[in-house]
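Everything below concerns the one structure shown next.
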Amino acid sequence: MLPAARTISFEGELLRRGFWLYAWKIVCSEKVVYYVGRTGDSSSCNAASPFNRIGNHLDLRTNARANTLTRRLIEAGMRPEDCTFRMAAVGPLFSEQLTFEEHKGFRDQLATLEHEVARSLRSKGYTVLGIHSGSAAVTNELVEHVVRELTNGLNESAA
């Protein structure tokens, strides 16, 4: 049997660099898991687009450095190539910075937002892959906005 065509569609805004927060809903057979991530490097002043993170996260090569999501799925007994993925992203919440010193404050805020989104999903009974931590100051308004947007984005019916 010859393979069928597969599709992907996305909004061009997802190509914009900056500090984004994103969440994935991954379905594999009967198992549903979630993954929360952010853009904004830990060791440089780069803040890539969510679209860039898709390819890095799902690189199936075992020696790929940035394929955290793939590794977490395999640890959970799931084969990424057998899963269905839905990603929602909010951003850019902050623009990419020119220096690492400027970058760190925004990166740390995103880490806290990442932690809060993962905590919120877990509090609703969802299985969230990975470990999330953050202690930077963020406003409740921003946390509530990001949690609401990502939750709504993950639960919308596919177009």
Side-chain angles (χ1 to χ4, degrees), residues 6-11 13-44 46-94 103-104 106-136 138 140 142-159:
R6 301 292 183 228
T7 64
I8 184 171
S9 62
F10 64 94
E11 299 167 26
E13 182 70 18
L14 291 171
L15 300 173
R16 188 177 307 275
R17 295 181 64 86
F19 290 89
W20 292 75
L21 201 68
Y22 55 86
W24 299 73
K25 179 179 181 179
I26 303 123
V27 180
C28 199
S29 298
E30 300 296 316
K31 195 171 190 177
V32 178
V33 297
Y34 292 80
Y35 181 86
V36 181
R38 62 179 169 82
T39 63
D41 290 357
S42 293
S43 59
S44 76
N46 295 318
S49 72
F51 189 83
N52 179 264
R53 294 299 296 140
I54 293 169
N56 289 336
H57 270 310
L58 297 171
D59 189 338
L60 297 180
R61 296 174 297 163
T62 56
N63 64 343
R65 289 181 14 195
N67 67 356
T68 309
L69 176 54
T70 294
R71 286 185 275 125
R72 298 285 187 206
L73 288 170
I74 292 169
E75 289 168 5
M78 302 166 81
R79 288 174 26 110
E81 58 271 36
D82 295 335
C83 298
T84 301
F85 298 85
R86 181 172 182 83
M87 183 183 85
V90 177
L93 296 166
F94 310 108
H103 172 91
K104 287 191 297 187
F106 295 111
R107 176 204 63 196
D108 293 350
Q109 288 181 62
L110 263 286
T112 299
L113 289 169
E114 179 183 37
H115 168 76
E116 290 297 326
V117 170
R119 186 189 59 72
S120 176
L121 291 171
R122 285 185 179 108
S123 75
K124 294 174 182 159
Y126 299 136
T127 300
V128 180
L129 302 177
I131 299 167
H132 305 85
S133 61
S135 59
V138 293
N140 287 337
L142 184 56
V143 170
E144 291 168 4
H145 172 76
V146 170
V147 167
R148 182 178 54 253
E149 289 298 312
L150 291 178
T151 302
N152 289 343
L154 291 175
N155 291 321
E156 286 180 0
S157 298

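Taking OG of S42 as the start and CG of D108 as the end, the distance is 8.5 Å to the nearest 0.5 Å. Here the OG1-NZ distance, from T151 to K124, works out to 4.0 Å after rounding to the nearest 0.5 Å. Atom CD of E144 sits about 10.5 Å away from atom CD of E116, to the nearest 0.5 Å. If you take CD on E114 and CZ on R38, they are separated by 5.5 Å, rounding to the nearest 0.5 Å. One distance of note links CE of M78 with CG of L69; it measures 9.5 Å at 0.5 Å rounding. To the nearest 0.5 Å, atoms CG (L58) and CZ (R53) are separated by 10.0 Å.
In terms of heavy atoms, D82 sits closest to C28 at O-SG, 3.7 Å. Scanning both residues, S120 and V147, for their nearest heavy atoms gives OG-CG1, 3.4 Å. For G18 against T39, the heavy-atom pair with the smallest separation is O-OG1, 2.6 Å. Shown here for A76 and L129, the closest heavy-atom pair between the two residues is CB-CD2, 4.2 Å.
Remark: the S44 side chain and the N46 side chain contain an N/O donor-acceptor pair separated by less than 3.5 Å.
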| query | Under the side-chain contact (heavy atoms from CB on, under 4.5 Å) criterion, do W20 and L110 qualify, and how do the steps go? | reply | CA-CA 8 Å; W20 292 75; L110 263 286; 5.9 Å; no
| query | For Y126 and V33, what are the C-alpha separation, side-chain angles and deciding distance, and is it a side-chain contact (heavy atoms from CB on, under 4.5 Å)? | reply | CA-CA 7 Å; Y126 299 136; V33 297; over 6 Å; no
| request: Take R16 and F51, measure what side-chain contact (heavy atoms from CB on, under 4.5 Å) needs, and give me the verdict at the end. | output: CA-CA 8 Å; R16 188 177 307 275; F51 189 83; over 6 Å; no
| message | Set out, in order, the CA-CA distance, both residues' side-chain angles and the distance that settles side-chain contact (heavy atoms from CB on, under 4.5 Å) for L113 and L142, then state yes or no. | response | CA-CA 8 Å; L113 289 169; L142 184 56; 3.8 Å; yes
| said: If you apply the rule ring-ring contact (aromatic ring centres under 6.0 Å, His included), what do you find for Y22 with H57, and how did you get there? | reply: CA-CA 12 Å; Y22 55 86; H57 270 310; 5.7 Å; yes
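For A23, the side chain to side chain contact (heavy atoms under 4.5 Å, CB included) partners at least two apart in sequence or on another chain are V36, L150, L154.
Put simply, the side chain of F19 reaches to within 4.5 Å of the side chain of H103, judged on heavy atoms. Contact of the Y35 side chain with the T68 side chain is registered, since non-hydrogen atoms from C-beta on lie closer than 4.5 Å. Looking at heavy atoms from C-beta onward, V117 lies in side-chain contact with L21 at the 4.5 angstrom threshold. Between I26 and V32 the shortest side-chain heavy-atom distance does not fall below 4.5 Å. Side-chain contact check for I54 versus M87: some heavy-atom pair is nearer than 4.5 Å. In this structure, the side chains of R17 and P92 stay at 4.5 Å or more apart for every pair of heavy atoms. Contact annotation: the side chain of S49 never approaches that of L14 to less than 4.5 Å [non-hydrogen atoms, C-beta and beyond]. The side-chain heavy atoms of H145 and V90, taken from C-beta on, include a pair separated by under 4.5 Å.
The environment of CD in E81 is crowded: more than 12 heavy-atom neighbours from other residues, nucleotides or ligands sit within 6.0 Å.
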